[in-house]
Engineer: 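Please find one structure pasted underneath; my questions will follow.
When a ligand or atom number is given, it counts from 1 through the structure's own listing order.
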Amino acid sequence: MPEETFVIAGASLAGAKAAETLREEGFAGRVLLVGDEIERPYERPPLSKGFLLDKEARDKAHVHEADWYDKHNVELRTGTSVASIDRAAHQVTLSTREPISYDRLLLATGASPRRLEVPGSKLQGIHYLRTMADSAALKQALAHGGRRVVVAGAGWIGLETAAAARSYGNEVTVIDPEPTPLHAAMGPELGGVFADLHREHGVILRLDDGVAGFWGAGQVSAVVTSGGAEVPADVVIVGIGVRPNTRLAEEAGLDVSDGVLVDQSLRTSDPDIFAAGDVANAYNPLLGRRIRVEHWANALNGGPAAARAMLGQDVVYDRIPYFFSDQYDLGMEMSGVAAPGEYDEVVYRGDRESREFIAFWLSGGRVVAGMNVNVWDVTGDVQALIRSDRPVDPARLADPKTPLAELA
Ligand SMILES: Cc1cc2nc3c(=O)[nH]c(=O)nc-3n(C[C@H](O)[C@H](O)[C@H](O)COP(=O)(O)OP(=O)(O)OC[C@H]3O[C@@H](n4cnc5c(N)ncnc54)[C@H](O)[C@@H]3O)c2cc1C
């Protein structure tokens, strides 16, 4: 029988972890990992934290040692994209025009930053953050301090880069149309904690306001807000969310709607094509609906799950969405989904003021999400509570003397 070929489009965390799992599971066929970035696969969280702050070496972010790919007979093609898919012929064509026949194909093409399309958006000094090169350029712009930095978007990327910019001694203003930071991720209640944190560190928050345009002659010099204010700026960072990279899937006629639609085994509408990571909008049986998760842990676990499904194993991918962030001296982990409309109550255990607490989002008396702030080793318990789907007594949930494990 001829050797089977598995192609992975996208050489980042989901793609690299899928390749690793194929080998771990004993797949002896050809594995081709194709990535359009020059860099070998790397993780992105350090790009807005340790690497941006110059506290972490570039190499620490790589998923594997440089020689891992050869050692495991994984053909890594960097600086190359998968240009098209011919599903009928079971063939992809690379940007080098090379056709490659595949038996199974994994789409791990991730996501790209949403662009601000406003007047002046092509001026110099406006940064987006997705790649290592973006992070290096931003570090260079921030590292000398004393610059006026405006951050568009008070989401995770916006807040983490604001913290980094302040650490370097820059003036920082964050602009966001919502009334609280992180509004889309966790509703209004907890946003105040992050607003206070940033204000205490000298960040100016312009909430309920948006970016309407940029001024400057070649180089950005001010941000014009929708409220009509003009905020002086030497450096602008835009962090207004991402869009899944679905072009390949769309052109191949796969089902796409806010990501590539996949079932609980991460299989697309074509039985030989799978999708994982930021690009996948996957049916999660635990939540009873599809969800597209833009977090590191979903790439870390989704890539391997897809690899096992590609090998014909019975896979049910039902991970609870999990995210972490570090800003100044605040570290947090969040599990579950706490977007506005997903919950009706927030319960706190611990001290919000000293920023050492766990927040629980409840819907109909059941925990749907939890966030531990400067409290550690509770993620397992928080996720068990979410998974149990049982009504909990809010008073006991709030009481630190009641072990969380007792409530699940
Ligand atoms: C600055 C930053 C900080 C973050 N911090 C955190 C954090 O603290 N916690 C957390 O949980 N998450 C964090 N994330 C999110 C996390 O990094 C992503 O969820 C994760 O990178 C998704 O991995 P992925 O492999 O699915 O996709 P990606 O990392 O987007 O990788 C996809 C790769 O595929 C390539 N590609 C696209 N199309 C093609 C094609 N046709 N052919 C070949 N290659 C292609 C892309 O260029 C890219 O290299 C952060 C993200 C960023 C940008």
Side-chain angles (χ1 to χ4, degrees), residues 7-19 32-53 61 63 76-85 92-96 100 105-114 127-136 138-139 153 155-161 163-164 185 237-239 241-252 259-260 266 275-282 292-304 306 319 321-327 331-335 379:
V7 173
I8 303 172
S12 186
L13 185 56
K17 282 287 168 187
L32 196 72
L33 177 57
V34 186
D36 60 6
E37 293 188 58
I38 302 297
E39 203 75 39
R40 74 177 191 270
Y42 61 92
E43 304 191 4
R44 299 185 197 276
L47 306 186
S48 53
K49 307 177 187 67
F51 181 70
L52 186 60
L53 287 162
V63 180
L76 173 63
R77 303 279 184 93
T78 53
T80 308
S81 58
V82 173
S84 62
I85 307 168
V92 294
T93 302
L94 306 186
S95 48
T96 54
I100 310 270
L105 171 64
L106 174 62
L107 300 176
T109 49
S112 300
R114 280 185 55 216
H127 293 255
Y128 288 81
L129 179 54
R130 187 74 191 176
T131 65
M132 215 171 235
D134 294 340
S135 180
L138 186 56
K139 180 159 52 177
W156 296 115
I157 296 287
L159 293 187
E160 289 184 0
T161 54
I237 305 166
V238 181
V242 295
R243 279 191 211 290
N245 295 325
T246 54
R247 184 192 58 81
L248 259 185
E250 276 166 53
E251 289 177 2
V260 180
L266 304 181
D278 279 15
V279 77
N281 189 350
R292 195 172 65 74
V293 179
E294 298 164 355
H295 300 334
W296 167 88
N298 181 53
L300 182 79
N301 298 309
R319 292 259 173 176
Y322 165 88
F323 181 82
F324 64 91
S325 179
D326 298 309
Q327 297 164 36
M332 55 74 64
E333 297 172 285
M334 181 158 183
S335 298
T379 297

Engineer: Taking the side chain from K17 and the backbone from L13, do they hold a donor-acceptor pair closer than 3.5 Å?
Structural biologist: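 A pair under 3.5 Å: no.
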
Engineer: Mind checking whether L248 contacts ligand 1 via backbone (N, CA, C, O), side chain (CB onward), both or neither, at a 4.0 Å heavy-atom cut-off?
Structural biologist: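 Within the 4.0 Å criterion, L248 contacts ligand 1 through side-chain atoms alone.
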
Engineer: Heavy atom under 4.0 Å from ligand 1: found in P45's side chain, backbone, both, or neither?
Structural biologist: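 The answer is both, backbone and side chain.
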
Engineer: Considering the heavy atoms of G277, write down every atom of ligand 1 situated less than 4.0 Å from one of them.
Structural biologist: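 So the answer, numbered in order with elements, is 26 (O).
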
Engineer: Of the protein's non-hydrogen atoms, which lies at the shortest distance from atom 27 (O) of ligand 1, and what is that distance?
Structural biologist: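 Going by distance alone, atom 27 (O) of ligand 1 is nearest to G110 CA, 3.2 Å.
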
Engineer: Would you mind checking which non-hydrogen protein atom is closest to atom 37 (C) of ligand 1, with the distance to 0.1 Å?
Structural biologist: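 Looking at atom 37 (C) of ligand 1, the protein heavy atom closest to it is T109 O, 3.2 Å.
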
Engineer: Using a heavy-atom cut-off of under 4.0 Å, does the side chain or the backbone of S112 touch ligand 1, or both, or neither?
Structural biologist: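 Neither part.
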
Engineer: Hey, what's the ring geometry for F324 with W296, parallel, tilted or perpendicular (30° and 60° as the breaks)?
Structural biologist: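 Plane angle over 60°, so perpendicular.
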
Engineer: Are any of the N/O atoms in W296 less than 3.5 Å from those in ligand 1?
Structural biologist: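 So ligand 1 has an N or O lying under 3.5 Å from an N or O of W296.
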
Engineer: Using a 4.5 Å cut-off on heavy atoms from C-beta on, say whether the side chain of I38 contacts that of T78.
Structural biologist: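 Side chain of T78 against side chain of I38, heavy atoms only: no contact under 4.5 Å found.
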
Engineer: Measuring from S48:OG to L159:CG, what's the distance to the nearest 0.5 Å?
Structural biologist: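 If I round to the nearest 0.5 Å, the distance is 10.5 Å.
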
Engineer: Identify the two heavy atoms, one from L47 and one from S135, that lie closest to each other, and give their separation to 0.1 Å.
Structural biologist: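 Minimum heavy-atom contact is O-OG, 2.8 Å.
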
Engineer: Would you say that L106 contacts V7 through its side chain, given a criterion of any heavy-atom pair below 4.5 Å between the two side chains?
Structural biologist: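 They are not in side-chain contact.
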
Engineer: What is the closest protein heavy atom to atom 22 (C) of ligand 1, and at what distance does it sit?
Structural biologist: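 For this ligand atom, the closest protein heavy atom is D278 OD1, 3.2 Å.
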
Engineer: To check your reading of the model: name the closest protein heavy atom to atom 30 (O) of ligand 1, its residue, and the distance in Å.
Structural biologist: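 Minimum-distance protein heavy atom for atom 30 (O) of ligand 1 reads R130 NH2, 2.7 Å.
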
Engineer: Which heavy atom of V34 sits nearest to which heavy atom of T80, and what is that distance?
Structural biologist: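 Taking V34 first and T80 second, the nearest heavy atoms are CG1-O, 3.3 Å.
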
Engineer: Under 4.0 Å from any heavy atom of L129, which atoms of ligand 1 are there?
Structural biologist: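 Atoms satisfying the 4.0 Å criterion: 1 (C), 53 (C).
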
Engineer: When you compare ligand 1 with H295, is there at least one nitrogen or oxygen pair between them that comes in under 3.5 angstrom?
Structural biologist: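 Yes, since at least one N or O of H295 sits under 3.5 Å from an N or O of ligand 1.
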
Engineer: Identify the protein heavy atom lying closest to atom 34 (O) of ligand 1, giving its residue, its atom name and the separation to 0.1 Å.
Structural biologist: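 Its nearest protein heavy-atom neighbour is G10 CA, 3.3 Å.
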
Engineer: Quick check: do I85 and L107 have side-chain heavy atoms less than 4.5 Å from each other?
Structural biologist: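 I85 reaches L107 side chain to side chain.
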
Engineer: What atoms in ligand 1 come closer than 4.0 Å to a heavy atom of S81?
Structural biologist: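 Ligand 1 atoms under the 4.0 Å threshold to S81: 40 (C), 42 (N), 43 (C).
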
Engineer: Just jot down the ligand 1 atoms closer than 4.0 angstrom to any heavy atom of V34, in number order.
Structural biologist: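 With V34 as reference, the close atoms of ligand 1 come out as 43 (C), 44 (N).
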
Engineer: Select the closest option to atom 52 (C) of ligand 1 among I157, L94, V82, judged by heavy-atom distance.
Structural biologist: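 Shortest heavy-atom distance from atom 52 (C) of ligand 1: I157.
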
Engineer: Counting only heavy atoms closer than 4.0 Å, does ligand 1 sit against the backbone of S135, its side chain, both, or neither?
Structural biologist: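 None of S135 does.
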
Engineer: Tell me which one of A299, A108, G302 gets a heavy atom nearest to atom 23 (O) of ligand 1.
Structural biologist: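 Answer by nearest heavy atom: A299.
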
Engineer: What atoms of ligand 1 come closer than 4.0 angstrom to any heavy atom of A14?
Structural biologist: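 Going through ligand 1 atom by atom, the ones under 4.0 Å from A14 are 25 (O), 26 (O).
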
Engineer: To check your reading of the model: name the closest protein heavy atom to atom 31 (O) of ligand 1, its residue, and the distance in Å.
Structural biologist: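 The protein heavy atom lying closest is S12 CB, 2.8 Å.
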
Engineer: At under 4.0 Å between heavy atoms, which part of F324 makes contact with ligand 1: side chain, backbone, both or neither?
Structural biologist: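 It is both backbone and side chain that touch ligand 1.
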
Engineer: Which option wins on minimum heavy-atom distance to atom 48 (C) of ligand 1: R44, M332, E160?
Structural biologist: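 Ranked by closest heavy atom to atom 48 (C) of ligand 1, first place is R44.
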
Engineer: Pairing donors with acceptors under 3.5 angstrom, does anything connect the side chains of S335 and E333?
Structural biologist: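 Short answer, no.
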
Engineer: Which atoms from ligand 1 have a heavy atom of A111 less than 4.0 Å away?
Structural biologist: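 Checking each atom against A111, I get 30 (O).
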
Engineer: How long is the span from the CD1 atom in I237 to the CG atom in L129, to the nearest 0.5 Å?
Structural biologist: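 Reported value, rounded in 0.5 Å steps: 8.0 Å.
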
Engineer: Quick one: CD on E37 to CE on M132, what's the gap to the nearest 0.5 Å?
Structural biologist: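 Nearest 0.5 Å value for the CD-CE distance: 9.0 Å.
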
Engineer: Any idea which protein heavy atom is nearest atom 3 (C) of ligand 1, and the distance to it?
Structural biologist: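 Answer, as residue, atom name and distance: S48 OG, 3.2 Å.
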
Engineer: Show which atoms of ligand 1 fall inside a sub-4.0 Å distance from at least one heavy-atom site of E37.
Structural biologist: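 Answer for ligand 1: 47 (O), 48 (C), 49 (O).
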
Engineer: Between NE2 of H127 and OG1 of T161, what distance do you get to the nearest 0.5 Å?
Structural biologist: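 Going from the NE2 atom of H127 to the OG1 atom of T161 covers 11.0 Å.
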
Engineer: For a 4.5 angstrom cut-off between non-hydrogen side-chain atoms, does L76 reach P41?
Structural biologist: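 Yes. Closest side-chain heavy atoms under 4.5 Å.
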
Engineer: If I compare all heavy atoms of P304 with all of A299, which pair ends up nearest, and what's the gap?
Structural biologist: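 Minimum heavy-atom separation between P304 and A299: CD-O, 4.1 Å.
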
Engineer: For atom 44 (N) of ligand 1, which of L13, I8, D36 has the closest heavy atom?
Structural biologist: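 Looking at heavy atoms only, the winner is D36.
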
Engineer: Which is closest to atom 7 (C) of ligand 1 in terms of heavy atoms, R247, K49, E39?
Structural biologist: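 Selected option, by shortest heavy-atom distance: K49.
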
Engineer: Is E294 touching ligand 1 with its side chain, its backbone, both, or neither, if touching means heavy atoms under 4.0 Å apart?
Structural biologist: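 Backbone only; the side chain of E294 stays clear of ligand 1.
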
Engineer: Could you verify whether a donor N or O on one side chain and an acceptor N or O on the other, from S84 and E251, lie under 3.5 Å apart?
Structural biologist: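 Judged by distance alone, the side chains do not pair up.
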
Engineer: Within 45 degrees of the axis of the six-membered ring of Y42 and under 6.0 Å from its centre: does R44 put its NZ or CZ there?
Structural biologist: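 Judged by the rule, R44 and Y42 form a cation-pi pair.
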
